[in-house]
Amino acid sequence: MARAFLFVLDSFGIGGAADAERYGDAGSNTFGHIAKACAEGRADRVGLRKGPLFVRNMLSLGLGHAAKTATGFSFGDSAKAQLASAFHGAAQEISSGKDTPSGHWEIAALPVRFDWGYFPDTVPAFPAELTEAIIREGGVPGILGNCHAPGTEIIERFGEEHIRTGKPICYTSVDSVLQIAAHETHFGLERLYEFCKVVRRLVDPLNIGRVIARPFIGETAGSFERTHNRRDYAVPPPEPTLLDRLTARGSRVIAVGKIGDIFAHRGISEVRKAAGNMAMFDKALGAMNDAGDGDLVFANFVDFDTEFGHRRDVAGYAAALEAFDRRLPEALAQLRQGDLLILTADHGNDPTWHGTDHTRERIPVIGTGPGFGGDIGLRVTFADIGETVAEHLGLTRGRHGTSFYAAIGGHA
């Protein structure tokens, strides 16, 4: 029996991207800077966490070695903790941008070799004709925001006016995205989803990667809170991904978290969602238990990015990593002969960095499974991950990426 489990720690970059300077991110290192802050006592928070970063289970899979491969960063005595059945390395992104679709599509063996559309950092950010079309075809009295902004900040700034006027809050960032925040009850959750579908159609000619519904609750600026009913409306991948290839031959792809949204629900057999990383981990464990021969469980743990990376919350990010690490043995205990587990990321989001946006970084590629192990070095594209999973699950080679399956003991 061959099964594969692909866990994405959303935004957990390990620095060192060769082209980081092009994105204004030279020197960014999500893992390295969190570890440094923890070691120096700058990530202590009463009631949350204290002291050096403690992620011994990910270290046992080779996280320390992966970091050294990416940047030369040494995290304690990593070699001491290495499991014999673990493999490790790092990967460089070749896709344009540093956003979620690009990273995930490339992991699924489809690099993005075109440029996404972006909105300028001006006020207003959206072209007048787009704004007019959104208002007209979306059936709203107007929009609020129309600028670059962090999500929590713009909801605090415009939330009360939104409730009073019924105008949705529309904003963007350095990513190829148009986000829409609206109150779950005053505006309506289903109405927000339908409105986002309209906007998705309107931004297609601009090649915008995602339209994201950002529902929130609360009645005043001090009480507004985003809910976990977020929904992403992404452009479908322009070619078949690993997911399409698997479902076409009759295998199941169980998507945990926002994976289904990222791939526009193409190549997805089943979606399982939950609120928060720990609840998502429960869903991933259930999917692992349900997966059969030839199946893939593809899980995204989004809190690292949305709750801590974008908010530049170092202590929160560190605590989330430690919480995830404590749960990891539960996943390892589910592995049986023929299973392959890979932990990776889609981009960086260094919480010590300036601004509030993603950072262009290399990603860890660590994992395990009965009979596997070794050093895969620095991979030139995330697509090598997808091709490795493809080979493990018995698919023929795709157009992008090179499998490292033999290097970790596959078919030995």
Side-chain angles (χ1 to χ4, degrees), residues 2-12 99-110 112 193 196-197 200 209-213 228-306 324 327 330-331 334 339-347 363 367 382-383 385-390 392-393 395 398:
R3 307 184 303 168
F5 311 112
L6 192 48
F7 287 8
V8 178
L9 283 69
D10 200 305
S11 86
F12 188 45
D99 52 22
T100 295
S102 297
H104 281 80
W105 291 5
E106 188 168 334
I107 289 169
L110 179 60
V112 174
Y193 292 157
C196 285
K197 290 177 185 177
R200 170 71 271 171
R210 286 180 296 164
V211 172
I212 305 178
H228 289 279
N229 290 320
R230 161 185 172 158
R231 190 169 292 181
D232 294 38
Y233 297 86
V235 173
E239 295 178 30
T241 68
L242 168 67
L243 316 187
D244 296 308
R245 291 154 63 191
L246 283 169
T247 53
R249 72 107 183 254
S251 293
R252 275 200 307 166
V253 174
I254 305 176
V256 179
K258 66 176 185 177
I259 295 295
D261 291 344
I262 293 167
F263 289 87
H265 293 272
R266 222 183 62 189
I268 305 293
S269 309
E270 183 182 342
V271 173
R272 302 186 185 188
K273 288 190 174 185
N277 274 357
M278 294 302 95
M280 212 77 76
F281 207 101
D282 292 336
K283 293 290 185 182
L285 291 175
M288 290 179 74
N289 186 61
D290 295 341
D293 189 22
D295 291 347
L296 169 66
V297 175
F298 197 174
N300 174 281
F301 299 88
V302 73
D303 283 5
F304 300 112
D305 186 55
T306 57
F324 180 91
R327 299 290 308 272
E330 298 175 56
Q334 294 233 31
D339 285 350
L340 175 66
L341 169 67
I342 297 177
L343 272 60
T344 188
D346 54 340
H347 48 69
I363 58 169
F382 296 2
I385 300 169
E387 283 308 312
T388 300
V389 172
H392 175 67
L393 296 179
L395 294 176

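Throughout, numbering of the chain's residues begins at 1 and tracks the sequence.
No salt bridge links R3 with D290; every basic N to acidic carboxylate O contact stays at or beyond 4.0 Å. For the pair R245 and E239, the salt-bridge criterion is not met [side-chain N within less than 4.0 Å of a carboxylate O].
Listed by chain and number, the residues in a side-chain contact (heavy atoms from CB on, under 4.5 Å) with A345 are F12, I363, P364 (sequence neighbours excluded). Taking H228 as the reference, nothing meets the side-chain hydrogen bond (donor to acceptor under 3.5 Å, both in side chains) condition, with sequence neighbours excluded. Listed by chain and number, the residues in a side-chain hydrogen bond (donor to acceptor under 3.5 Å, both in side chains) with T388 amount to none (sequence neighbours excluded). Residues satisfying the side-chain contact (heavy atoms from CB on, under 4.5 Å) criterion with N300, sequence neighbours excluded, are V8, D10, H104, K258, I259, V302.
Within the structure, salt bridge (charged side-chain N to carboxylate O under 4.0 Å, His left out) pairs that include any residue of residues 293-303 comprise R252-D295 (at least two apart or interchain). Legend: salt bridge (charged side-chain N to carboxylate O under 4.0 Å, His left out) pairs involving residues 273-282, not counting sequence neighbours, sorted by first then second residue: D261-K273, D282-R327.
In this structure, the side chain of Q334 engages the main chain of L285 through a donor-acceptor pair within 3.5 Å. Formation of a donor-acceptor pair under 3.5 Å by the E270 side chain with backbone atoms of I254 is not found in this model.
Counting heavy atoms from C-beta on, the side chains of L340 and F5 never come closer than 4.5 Å. Contact of the V112 side chain with the E106 side chain is not registered, since no non-hydrogen atoms from C-beta on lie closer than 4.5 Å. V297 places a side-chain heavy atom less than 4.5 Å from the side chain of V256. Counting only heavy atoms from C-beta outward, the side chains of L243 and F298 approach each other to under 4.5 Å. Inter-residue side-chain proximity for S102 and D346 is flagged as unmet; no heavy-atom pair is nearer than 4.5 Å.
For the pair R210 and Y233, the cation-pi criterion (under 6.0 Å, within 45° of the ring axis) is not fulfilled.
D232 CG to I212 CD1: the interatomic distance, rounded to the nearest 0.5 Å, is 4.5 Å. The CD1 atom of I107 lies 5.0 Å from the OG1 atom of T344; values are rounded to the nearest 0.5 Å.
Below 30°, between 30° and 60°, or above 60°: for F324 and F281 the angle between ring planes is above 60°, a perpendicular geometry. Relative ring orientation between F263 and W105 is described as tilted, the plane-to-plane angle lying within the 30° to 60° band.
Scanning both residues, A255 and G260, for their nearest heavy atoms gives CB-N, 3.8 Å. Scanning both residues, H347 and T100, for their nearest heavy atoms gives NE2-OG1, 3.6 Å. Scanning both residues, E387 and A109, for their nearest heavy atoms gives OE2-CB, 3.4 Å. Closest approach of R266 and P236 over heavy atoms only: NH1-CB, 4.3 Å. Between T247 and G267, the shortest heavy-atom distance links the atoms CG2-O, 3.3 Å. Taking all atoms of both residues into account, the shortest heavy-atom contact from A274 to M280 is O-CE, 3.3 Å.
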One pair to check against side-chain contact (heavy atoms from CB on, under 4.5 Å): F7 and I342. What are the steps and the verdict?
CA-CA 6 Å; F7 287 8; I342 297 177; over 6 Å; no
